[in-house]
Amino acid sequence: MDTYIGIDLGTSGVKLLLVDEKGTILKEVSKNYPCIHIKENYSEQDPQLWYENTIEALKELLDGQDKSALKAMSFGGQMHGLVMLDKDDNVLRPAILWNDSRSSKETNYLNNVIGKDKLSLYTGNIAFAGFTAPKILWVYNNERDIFNKTTKIMLPKDYLVYKFTGVFATDVSDASGFLLLNVKNRKYSKEMLDICHIKEEQLPKLYESFEVVGNLNKSILKELGLNHEVKVIAGAGDNAAAAIGTGTIGNGNCNISLGTSGTIFLSSDHFTVDKMNSLHSFCDASNKYHLMGCILAAASARSWWLEQILNTKDYDGDEKLLEDSNVVFLPYLNGERSPHNDVDARGAFINLSSTTTRGQMSKAILEGVAFAIKDCLEIAKENGIVPLKTTICGGGAKSETWKHIIADVLEIPVYILKTNQGPSYGAAILAMVGDKKYASVEDAVKNIVKTERFIEPNLNNKEYYDKKYSIFRKLYPTLKAVR
């Protein structure tokens with residue numbers, strides 16, 4: 001039986017899956033690597049670490065397997081990161097990551113001098129500090145010598161594609177987060193290129209996520225012990241790949257990811273922009289579109305609380321202590337993207353008293369993340385996108401309690417899948433489609449992605465969560481006024 005590899009190039013590590021053509025997972029390998037935080041609000045990584053760890057993971061993944069069965073591989077990847085190469089393909093500086101907020105000045109310039117209306121017209125989106133275009137402008141303003149040497153600008157997973165194939169390529173879902181793409185028309189915006197002082201030849205060629213980019217080059221084949229052609233498929237941004245892995249395609253379907261950051265992904269057959277550009281209007285991985293809300297701290301808010309503050313990694317033990325209360329948590333530990341677009345937003349606990357318990361504060365964190373996701377969902381509803389259910393993925397989705405909270409807060413059923421692997425699984429499915437094992441992404445998802453069970457909202461909790469959410473909605477504007 002033919003096999004396929006899905007590679008998820010994440011922020012904290014790379015995760016690889018080897019799957020067969022029916023979607024059965026044969027083997028899984030992960031490798032971790034660090035972020036570099038040389039200053040407050042700076043977040044960088046060395047692209048060479050991505051490459052080295054991925055190669056080592058591939059060797060481990062294929063060890064003991066039938067290598068001759070491998071037909072293709074594809075990628076899901078952390079979005080928005082800025083990788084810059086010179087004319088000799090040397091990396092000019094560490095990659096500036098999605099959670100780096102140094103470019104607040106450039107973001108303000110784009111939104112307030114160029115203007116949000118023009119940005120939305122050119123791309124379908126406004127500027128967020130996490131997007132790539134503000135980072136390009138930051139390098140232009142602060143590291144002009146590096147900017148002038150740059151001949152190739154790419155996104156994190158596309159660096160791997162380039163190293164593996166020699167093809168300078170990206171896909172439209174990941175490129176949507178460049179803020180250089182006319183998302184509706186799936187092509188680069190000439191106006192945005194001019195604003196960012198770059199030329200189209202400095203940017204990778206655009207592909208749909210399921211299209212073949214090329215083949216593994218001879219040196220990679222030799223290093224992996226392969227002696228036959230292996231296709232490389234363009235792949236997708238991590239959330240678009242996760243949407244494939246969770247079957248979130250077709251109008252009105254929804255997926256929630258509780259990873260380092262949190263997202264709500266709302267699939268749409270047609271291009272749409274919310275009235276305030278609070279959500280991202282992006283291409284998806286199935287030749288259609290989606291709206292996405294992104295909150296910058298989801299599972300990372302919980303790990304901050306348990307590991308840094310309480311000095312424990314006993315997540316299951318903490319879950320046994322959870323209690324209802326009127327304590328409310330704002331999860332803006334790293335600023336916030338959707339819907340506030342505020343790099344200076346900060347987290348807070350509200351309604352603490354001398355009787356407040358650890359369990360009450362722990363539950364408030366889970367609820368606060370759910371409320372932040374609900375903020376994004378309410379905006380989508382105002383724009384006519386009303387999902388009737390959602391799937392869920394990411395490390396935070398391992399928590400049974402958190403899944404129930406999401407169902408209760410969003411007031412929609414949460415569907416639990418038989419395989420909960422997110423971007424790496426979606427990337428493997430895209431590899432199958434690129435290899436023509438399935439006729440289309442829709443066909444592949446229909447045959448591979450299966451539901452195990454679902455969690456209905458508990459109507460007995462509606463009054464409790466309505467009251468807490470009403471408090472949550474008031475906190476950001478109130479605290480913004482006093483910082």
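In this text the structure is predicted, and so the values were computed from the model without any measurement.
Here salt bridge (charged side-chain N to carboxylate O under 4.0 Å, His left out) pairs that include residues 438-447, with residues two or more places apart or in two chains, are K288-E442. Residues in residues 411-420 take part in these salt bridge (charged side-chain N to carboxylate O under 4.0 Å, His left out) pairs, two or more places apart or across chains: K374-E411, E411-K462. Pairs engaging residues 283-317 under the ring pair (Phe, Tyr, Trp, His ring centres under 6.0 Å) rule: F265-H290, F271-Y289, F282-H290, W305-F349 [sequence neighbours left out]. Annotation: side-chain hydrogen bond (donor to acceptor under 3.5 Å, both in side chains) contacts involving residues 321-346, sequence neighbours excluded, comprise H80-R337, H280-R337, E323-T357, D324-K363, Y332-H340, D342-Y476, D342-R483. Residue pairs meeting the salt bridge (charged side-chain N to carboxylate O under 4.0 Å, His left out) criterion with at least one partner in residues 119-133, sequence neighbours excluded, are absent.
Residues passing the salt bridge (Lys or Arg N to Asp or Glu O under 4.0 Å) test with E319 are R302, sequence neighbours excluded. Scanning for side-chain hydrogen bond (donor to acceptor under 3.5 Å, both in side chains) contacts around N53 gives an empty result, with sequence neighbours left out. Residues satisfying the ring pair (Phe, Tyr, Trp, His ring centres under 6.0 Å) criterion with Y469, sequence neighbours excluded, are F371. Shown here are the salt bridge (Lys or Arg N to Asp or Glu O under 4.0 Å) partners of E208, two or more places apart in sequence or in another chain: R186. For S43, the side-chain hydrogen bond (donor to acceptor under 3.5 Å, both in side chains) test picks out N99, with sequence neighbours left out. Applying the side chain to side chain contact (heavy atoms under 4.5 Å, CB included) criterion to A234, with sequence neighbours excluded, gives D171, Y207, V213. Not a single side-chain hydrogen bond (donor to acceptor under 3.5 Å, both in side chains) links S300 to another residue, sequence neighbours left out.
A distance of 11.0 Å separates CE of M276 from CG of N383, quoted to the nearest 0.5 Å.
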